[in-house]
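Remarks on the structure that follows.
Letters A, B, ... mirror the listed sequences (proteins, then strands); counts begin at 1.
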Protein chains: 2
Amino acid sequence: MARAATTSDVFNAIAEPQRRDILVLLRAGERPVTELARELGMTQPGASKHLRVLREVGLVRDRKAGKQRLYGLDARGLRPVHEWSGGFEQFWNESFDRLDAYVQDLKQARPEES
Amino acid sequence: MARAATTSDVFNAIAEPQRRDILVLLRAGERPVTELARELGMTQPGASKHLRVLREVGLVRDRKAGKQRLYGLDARGLRPVHEWSGGFEQFWNESFDRLDAYVQDLKQARPEES
DNA sequence: TTGACGCATGCCGATATGGGCATATGATTG
DNA sequence: CAATCATATGCCCATATCGGCATGCGTCAA
């Protein structure tokens, strides 16, 4: 083995900053590839490749519109991400205190305690 | 160029399934490396490497405890992930017959198809 | 000090990524 | 049909990843 799958996993698809940018941009509405590439400062083949990944994991949909191909957002796949990260919500509010507690314990370092 | 940075980005850190598993496991409390490896069915060096990535992006903290090294969760870094994905919440709740929220906004027309 | 234990690191191999570039494929128009 | 525009693909390169393995380093016990 070498590397885990990438193209079949939403978490991996959004690990790439440019792909996240694409998704954000698509919130404003459908766009043809060329326009996306232009607005994000990437080449057309580059945009197409990222869009392919996003399409394969179901985060975008495309439809033909004459000569063009319009890409649109399908954010449903992001829901698992939101829910997974939400599962840690209680922790990022407590993290400070808990870690502080650890540190306290450490600094005081009482073998008999804890 | 070849590949974007990975070790400096939380999105990339959690793109790896095993690392997500580690984080989930750590919600139950601190653990030494060996135990994590055992519970997740990975080798000790494998666990250490994943933990290193998680540590570098700040998702876990470690503290020495005698011969052992206990890893603990620091979920604060997951908050941006939650917020970013939350920015799409309205999209996965809306009807997806209409690809274009932009159009919806401009002319409050009802979609043609369902 | 020596030995045992716990963990981190280094090295290798296989792989797949992202970017650049050229070109193939598709669709529209004349 | 030919020419043209829009997009997708193929290919190559440089690189970073993950996994396995062996070993280094630090800590504790005897």
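A:L40 places its CG atom 12 Å from the P atom of C:dG19, with the value rounded to the nearest Å. Across the protein-nucleic acid pair, A:L51 atom CG and D:dA8 atom P stand 7 Å apart, rounded to whole Å. Taking atom CG of residue B:N12 and atom P of nucleotide D:dC18, one finds them 8 Å apart after rounding to whole Å. With rounding to whole Å, B:L54 atom CG is found 14 Å from D:dC18 atom C1'. The CG-P distance, from B:L36 to C:dG6, rounds to 14 Å in whole Å. For the pair A:R20 CZ and C:dG18 C1', the interatomic distance rounds to 15 Å; values are reported in whole Å. To the nearest angstrom, C1' of D:dG20 lies 12 Å from NE2 of B:H50. Spacing between atom CG of B:L70 and atom P of C:dG6 amounts to 13 Å, rounded to whole angstrom units.
Checking D:dA8, C:dG20, D:dG20 against the side-chain heavy atoms of A:T43 singles out C:dG20 as nearest. The side chain of A:Q68 sits closest to D:dT7 out of D:dA8, D:dT7, C:dA8.
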Exercise. How far apart are the C-alpha atoms of A:R52 and A:E56, what are their side-chain angles, what is the distance that settles it, and do they pass the salt bridge (Lys or Arg N to Asp or Glu O under 4.0 Å) test?
Worked result: CA-CA 6 Å; A:R52 184 182 186 181; A:E56 286 177 350; 3.2 Å; yes
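Partners of A:E39 under the salt bridge (charged side-chain N to carboxylate O under 4.0 Å, His left out) rule, at least two apart in sequence or in another chain, are A:R31. Under the salt bridge (charged side-chain N to carboxylate O under 4.0 Å, His left out) criterion, B:R79 pairs with B:E83, not counting sequence neighbours. By the salt bridge (charged side-chain N to carboxylate O under 4.0 Å, His left out) test, B:R38 is found to be paired with no residue, residues two or more places apart in sequence or in another chain being considered. Among residues two or more places apart in sequence or in another chain, the ring-ring contact (aromatic ring centres under 6.0 Å, His included) test is passed with B:Y71 by none.
Contact check, B:R69 against D:dG26: no side-chain N or O comes under 4.0 Å of OP1 or OP2. A sub-4.0 Å separation between OP1 or OP2 of C:dG18 and a side-chain N or O of A:R19 is present. For the pair A:Y71 and D:dA8, the criterion of a side-chain N or O lying under 4.0 Å from OP1 or OP2 is met.
B:L26 approaches B:G72 most closely through the heavy-atom pair CD1-C, 4.2 Å.
Sorted by first then second residue, the ring pair (Phe, Tyr, Trp, His ring centres under 6.0 Å) pairs that include residues 10-62 of chain B, not counting sequence neighbours, are B:F11-B:W84.
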For this session: Treat primed atoms plus P, OP1 and OP2 as sugar-phosphate and everything else as base, then score nucleotides 22-30 of chain C 5' to 3': B for base contact with protein heavy atoms under 4.0 Å, S for sugar-phosphate contact only, - for none.
Result: B----SS--
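Each of B:K49 and A:Q18 was matched to the nucleotide of DNA chain C holding its nearest heavy atom; the match closer to the 5' end belongs to B:K49.
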